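Notes to accompany the following structure.
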Amino acid sequence: MGNSMRNYDPAPDLLQDRVIMVTGAGDGIGRAVARSFAAHGATIVLLGKSVKKLESLYDEIEAAGHPTPGIYPMNLLGANLEDYLELAQRLEENYGRLDGLLHNAGILGPRSPIGQYDEEEWQKVMHVNLTSQFVMTKACLPLLLKSDDASLVFTSSGVGRKGRAYWGAYAVSKFATEGLMQVLADETENQGNLRVNSINPGATRTKMRAAAYPGEDASKLPTPEDIVGTYLFLFGPESRGITGKAYDAQ
Ligand code: NDP
């Protein structure tokens with residue numbers, strides 16, 4: 001833990017010819033990371049809930065002259081294995097492989113003590129933040145293993161490494177995400193080309209952060225654009241061989 005590549009200085013063509021899928025690409029950190037990946041030469045599959053947000057990012061990437069991205073609208077809350085297998089099939093048809101998958105989409109859920117935590121909300125948070133990532137990974141694993149140099153990254157949180165009062169299912173889902181990352185890293189360690197790591201973005205100026213800390217002066221926080229360095233490092237060739245590690249983006 002405690003690794004950060006915030007000041008990473010990537011080559012302009014770092015991600016040339018890589019196909020990378022980013023979940024929750026329409027807003028916040030996912031949007032900034034997807035844009036930066038495209039600017040460094042990657043073909044990005046933009047997956048998210050709001051089609052409008054994905055389309056506006058698609059237009060931005062096209063207008064900037066970066067590789068044409070793909071759009072895949074999907075609500076992780078309702079999706080099941082069949083939906084993920086269809087996604088994997090589409091990726092296979094279009095690209096033949098996957099060089100990277102960033103599990104970034106997430107929801108905060110209620111901020112409430114465990115004694116009062118609503119069970120349905122608990123299930124929703126665990127589903128979006130953890131179970132959907134397991135099933136998507138399961139469906140996409142064969143495509144990742146087809147790549148010569150693939151990177152799988154899960155998104156954690158400070159409360160996924162040390163529990164804190166009132167963070168409920170969000171904190172628990174992030175701890176479990178670290179567990180899933182470690183299990184997968186161990187399982188794939190000798191399979192050659194796939195590395196599996198996690199990133200804790202740290203306090204970042206997004207809608208989720210504003211919802212968690214309504215009274216905070218957001219102008220003092222780093223923007224999503226400020227923290228892309230660690231993401232670029234983990235999806236580029238220089239992180240080859242690094243697996244099972246928990247990173248901090250700040
Ligand atoms: P935002 O709320 O700004 O963005 C979350 C993204 O996830 C949105 O694009 C949203 O899509 C997508 N998403 C949410 N629910 C679903 C769903 N059911 N199906 C598909 N997509 C969904 O959050 P951040 O950018 O702040 O957070 C990104 C990641 O970083 C999260 O995993 C979060 O837990 C983590 N994180 C953030 C920190 C911060 O300070 N910002 C600190 C620590 C961790 P749409 O907009 O279409 O709803």
Side-chain angles (χ1 to χ4, degrees), residues 1-10 12 14-15 22-40 44 46 48-50 52-54 56-57 60-61 64 102-114 117 121 124-125 128-130 133 153-178 181 197-236 239 245-250:
M1 269 192 225
N3 300 308
S4 176
M5 296 297 287
R6 184 174 178 176
N7 298 320
Y8 182 57
D9 186 16
L14 181 83
L15 304 177
V22 176
T23 74
D27 215 330
I29 295 166
R31 189 176 182 101
V33 169
R35 204 192 289 113
S36 172
F37 281 3
H40 287 84
I44 304 297
L46 309 169
K49 186 152 54 68
S50 154
K52 245 188 171 172
K53 289 183 191 176
L54 297 179
S56 83
L57 178 58
E60 261 180 50
I61 291 173
L102 170 61
H103 288 295
N104 161 82
I107 54 173
L108 185 62
R111 303 286 317 285
S112 138
I114 295 295
Y117 206 98
E121 293 295 333
K124 273 191 205 166
V125 174
V128 174
N129 292 5
L130 176 67
Q133 309 195 357
V153 172
F154 291 91
T155 305
S156 187
S157 164
V159 296
R161 293 176 182 168
K162 186 171 191 329
R164 206 181 306 153
Y166 316 131
W167 282 81
Y170 180 86
V172 175
S173 71
K174 295 298 189 181
F175 264 92
T177 296
E178 296 279 10
M181 177 278 283
N197 297 286
S198 70
I199 297 180
N200 162 25
T204 310
R205 199 187 309 168
T206 67
K207 294 198 183 90
M208 183 188 286
R209 175 74 192 186
Y213 294 89
E216 184 176 60
D217 177 0
S219 70
K220 298 214 166 74
L221 296 174
T223 64
E225 286 74 18
D226 292 331
I227 65 158
V228 297
T230 308
Y231 292 83
L232 286 162
F233 171 70
L234 281 178
F235 282 89
S239 58
K245 298 266 185 300
Y247 279 80
D248 289 313
Q250 298 186 39

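Keep in mind that what you see is a predicted model, and the values were worked out from it rather than measured.
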Has the side chain of [X] got a donor or acceptor atom that lies under 3.5 Å from a matching backbone atom of [Y]?
{"X": "Ser36", "Y": "Ala32", "answer": "no"}
{"X": "Asn104", "Y": "Gly24", "answer": "yes"}
{"X": "Asn129", "Y": "Ser173", "answer": "no"}
{"X": "Glu216", "Y": "Ala210", "answer": "no"}

Could you check whether Asp27 pairs with Lys49 (Lys NZ or Arg NE/NH1/NH2 to Asp/Glu carboxylate O, under 4.0 Å)?
no
I'd like to know if Arg31 pairs up with Glu225 as an ion pair, taking the criterion as any Lys NZ or Arg NE/NH1/NH2 lying under 4.0 Å from an Asp or Glu carboxylate oxygen.
no
Given side chains that start at C-beta, do those of [X] and [Y] come closer than 4.5 Å, heavy atoms only?
{"X": "Phe235", "Y": "Leu15", "value": "yes"}
{"X": "Pro224", "Y": "Thr206", "value": "yes"}
{"X": "Tyr170", "Y": "Ile107", "value": "no"}
{"X": "Leu14", "Y": "Leu232", "value": "yes"}

At their closest point, which heavy atom of [X] faces which heavy atom of [Y], and how far apart are they?
{"X": "Arg161", "Y": "Ile199", "result": "NH2-C, 4.2 Å"}
{"X": "Tyr231", "Y": "Pro201", "result": "OH-CG, 3.6 Å"}
{"X": "Thr204", "Y": "Thr223", "result": "CG2-C, 3.7 Å"}
{"X": "Ser198", "Y": "Glu178", "result": "OG-OE1, 2.7 Å"}
{"X": "Ala203", "Y": "Gln250", "result": "O-NE2, 2.8 Å"}
{"X": "Arg111", "Y": "Ala165", "result": "NH2-O, 4.3 Å"}

Answer yes or no for Arg209 and Tyr213: cation-pi contact, defined as NZ/CZ to six-membered ring centre under 6.0 Å and angle to ring axis within 45°.
yes
Phe154 and His103 aromatic ring geometry - parallel, tilted or perpendicular at 30°/60° bounds
parallel
So for atom OH, which belongs to Tyr166, do other residues, nucleotides or ligands contribute more than 12 heavy atoms lying within a distance under 6.0 Å?
no
